[in-house]
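Read through the structure below, which is laid out as structure tokens, and then see the notes.
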Amino acid sequence: MPELPEVEIRRQYLEATSLKQPITSIQVEDTKLLTTDYMLLQQQLADRQFISTERIGKNLFIYTDNPAIILRMHFGMTGDLAYYHNSLDRPRHARIVFEFASGFNLGFICPRKFERVGLVDSVTDYAKSKKLAPDALSISFNQFITNLHKRNSPIKPVLLDQAVVAGLGNWIVDEVLFQAKVHPEKRASTLNDDELIAIYNAIALVLTTAIKFEARYRDFPPDFLIHVRKWDDSPYDDVEALSKCPRCGTKISRTEVGGRTTFYCPNEQILS
DNA sequence: CAATATGTTTTTCG
DNA sequence: GCGAAAAACATATT
């Protein structure tokens with residue numbers, strides 16, 4: 001699931017492969033994936049080059065050699081990138097393909113069409129209009145608690161709200177609350193200073209760890225809650241081992257909070 | 001084949 | 001117009 005760490009990895013991948021070469025054309029299989037008219041996209045990007053990138057939360061912005069033409073990518077649940085040369089190597093579900101003059105291609109892989117691509121003319125204006133909060137890795141502690149204090153909902157949906165802090169998704173919020181030892185249903189407005197600091201620090205810990213391991217869950221430290229989720233590449237076969245708290249051995253609870261599947265340790269994350 | 005997964009947008013209510 | 005909560009939406013996989 002492309003949350004902030006996966007998007008960061010894709011950003012680095014795009015920077016390493018696709019900058020500074022003229023775009024010759026763009027193939028789009030399904031215009032539902034576009035937030036900009038297809039013709040306009042073709043016209044605006046023809047002969048342009050990508051020159052740099054910026055990520056805010058789960059949004060990837062790609063600057064071109066025209067400062068008013070910026071491409072935005074959102075990877076939804078399943079989006080990915082693939083840079084390839086031979087058209088025979090075109091991956092499955094590469095529904096949007098940027099063709100470069102070099103003969104190489106950047107494929108935007110959209111298995112479930114939950115992904116979106118389009119142009120924006122200013123990143124700051126875009127963030128403002130979408131009420132996008134500062135990125136989870138750069139938000140200041142003061143800004144973070146200011147945004148949190150306005151809310152009285154359970155902490156989990158508050159952390160998922162991109163207007164509070166940008167980049168946290170379902171599994172990362174569970175991991176953050178587990179590391180901070182805070183119950184997911186605890187009201188945001190009732191958190192004390194220690195809990196707020198623990199959550200803020202856990203966000204940095206979880207995100208930097210995930211980026212360090214290039215979002216490969218199997219490599220994460222053993223005391224991460226991530227291992228209780230059944231990923232396709234989970235290293236464990238033993239369902240019993242999967243369901244235990246990596247710190248205290250208590251059986252992990254699985255519930256729904258804010259309509260999302262939620263895992264937490266009922267022994268260490270207490271609602272008081 | 002119905003259930004499931006999840007981020008974002010839309011809707012509804014107070 | 002806003003916060004909160006829930007529903008709607010996008011579709012492939014199991």
Side-chain angles (χ1 to χ4, degrees), chain A residues 1-11 28-36 38 55-61 72-82 91-96 107-118 120 126-136 145-177 184-191 203 206-207 210 215 217 225-234 237 239 242 254-264:
Chain A
M1 325 291 150
E3 300 189 31
L4 186 152
E6 286 95 332
V7 178
E8 176 61 19
I9 300 304
R10 286 154 179 64
R11 187 191 71 76
V28 177
E29 184 190 295
D30 186 341
T31 53
K32 276 207 212 43
L33 299 167
L34 300 179
T35 55
T36 297
Y38 187 14
R55 184 190 53 68
I56 302 181
K58 302 165 196 171
N59 295 276
L60 176 55
F61 298 98
R72 168 183 173 263
M73 288 183 172
H74 193 290
F75 294 91
M77 257 178 85
T78 49
D80 204 352
L81 295 174
R92 230 166 106 72
H93 307 309
R95 303 186 201 270
I96 298 177
F108 187 56
I109 302 171
C110 314
R112 299 196 197 171
K113 301 189 184 180
F114 289 177
E115 303 72 12
R116 292 295 178 268
V117 168
V120 300
Y126 178 84
K128 204 168 291 178
S129 72
K130 294 288 179 182
K131 297 188 181 8
L132 190 60
D135 185 76
I145 55 174
T146 302
N147 292 353
L148 272 189
H149 272 147
K150 294 178 192 157
R151 309 292 298 273
N152 193 34
S153 301
I155 184 64
K156 171 154 182 175
V158 172
L159 290 176
L160 283 171
D161 188 342
Q162 305 297 298
V164 170
V165 53
L168 307 184
N170 199 33
W171 81 254
I172 290 189
V173 168
D174 280 3
E175 190 68 57
V176 164
L177 293 174
E185 290 180 285
K186 185 141 192 180
R187 300 265 156 187
S189 55
T190 69
L191 296 167
I203 289 173
V206 172
L207 293 178
Y217 312 122
L225 186 67
I226 185 80
H227 301 298
V228 309
R229 286 176 179 263
K230 295 187 276 303
W231 306 103
D232 292 344
D233 59 356
S234 172
D237 295 325
V239 180
L242 281 179
R254 180 193 162 128
T255 54
E256 242 188 42
V257 179
R260 298 295 167 200
T261 299
T262 299
F263 294 93
Y264 69 98

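Reckoned from all heavy atoms, side chains included, excluding hydrogens, waters and symmetry mates.
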- Item | Under 4.0 angstrom between A:Lys150 side-chain N/O and C:dC2 OP1 or OP2 | no
- Task: Using a 4.0 Å heavy-atom cut-off across all strands, classify A:Gly169 as base, sugar-phosphate, or nothing.
- Result: sugar-phosphate
- Spacing between A:Leu4 atom CG and B:dT8 atom C1', to the nearest angstrom: 16 Å
- Message: Can you work out whether A:Pro157 or A:Phe114 has the more 5'-proximal nearest nucleotide on DNA chain C?
- Response: A:Pro157
- Testing C:dT13, C:dA4, B:dT6 for proximity to the side chain of A:Thr261, the answer is B:dT6
- A:His93 atom NE2 is separated from C:dA12 atom P, nearest whole Å, by 7 Å
- Look at the side chain of A:Arg260 and decide which nucleotide, out of C:dA4, B:dT6, C:dT13, has an atom nearest to it. B:dT6
- Task: To the nearest Å, give me how far apart CG (A:Asp174) and P (B:dT6) are.
- Result: 9 Å
- Any side-chain heavy atom of A:Val165 sitting closer than 4.5 Å to one from A:Leu148? no
- Are any of the side-chain heavy atoms of A:Arg187 and A:Pro154 separated by less than 4.5 Å? yes
- Task: Return the value, rounded to whole Å, for the distance between atom CD of A:Glu115 and atom P of B:dT9.
- Result: 14 Å
- Query: Below 4.5 Å, heavy atoms only, C-beta onward: do A:Leu168 and A:Leu207 meet side chain to side chain?
  - Reply: yes
- Task: Remember a base hit wins even if backbone is also touched, and classify A:Lys131 as base, sugar-phosphate or nothing at under 4.0 Å, heavy atoms.
- Result: nothing
- Item | Side-chain N or O of A:Lys113 closer than 4.0 Å to phosphate OP1/OP2 of C:dC9 | no
- Message: Side chains of A:Leu225 and A:Tyr264, heavy atoms from C-beta outward: is any pair under 4.5 Å?
- Response: no
- N or O in side chain of A:His74 less than 4.0 angstrom from B:dT8 OP1/OP2: yes
- Note on the structure: Taken to the nearest whole Å, CG/A:Asp161 to C1'/C:dA5 is 12 Å
- Side chain of A:Pro154 (C-beta onward), nearest among C:dA5, B:dA5, C:dT11: C:dA5
- Task: Report the distance from atom CZ of A:Arg151 to atom P of C:dA4, rounded to the nearest whole Å.
- Result: 5 Å
- Task: Among B:dA5, B:dG7, C:dA5, find the nucleotide with the atom closest to the side chain of A:Ser153.
- Result: C:dA5
- Message: So for A:Arg116 and B:dG7, does any side-chain atom that can act as donor or acceptor lie under 3.5 Å from a complementary atom in the base?
- Response: no
- Would you say C:dG3 has OP1 or OP2 under 4.0 Å from some side-chain N or O of A:Arg187? no
- Query: Of A:Lys130, A:Gln162, A:His74, which meets side chain to side chain contact (heavy atoms under 4.5 Å, CB included) against A:Asn59?
  - Reply: A:His74
- Give the rounded distance in Å between these two atoms: CZ of A:Phe75 and C1' of B:dT8. 16 Å
- Item | Touch class at under 4.0 angstrom, heavy-atom based, for A:Gln162 against every strand present | sugar-phosphate
- Task: State, yes or no, whether a side-chain contact exists between A:Val173 and A:Arg260 at a heavy-atom distance under 4.5 Å.
- Result: no
- Message: Using whole Å, what does the distance between atom P of nucleotide C:dA5 and atom CD of A:Glu185 come to?
- Response: 11 Å
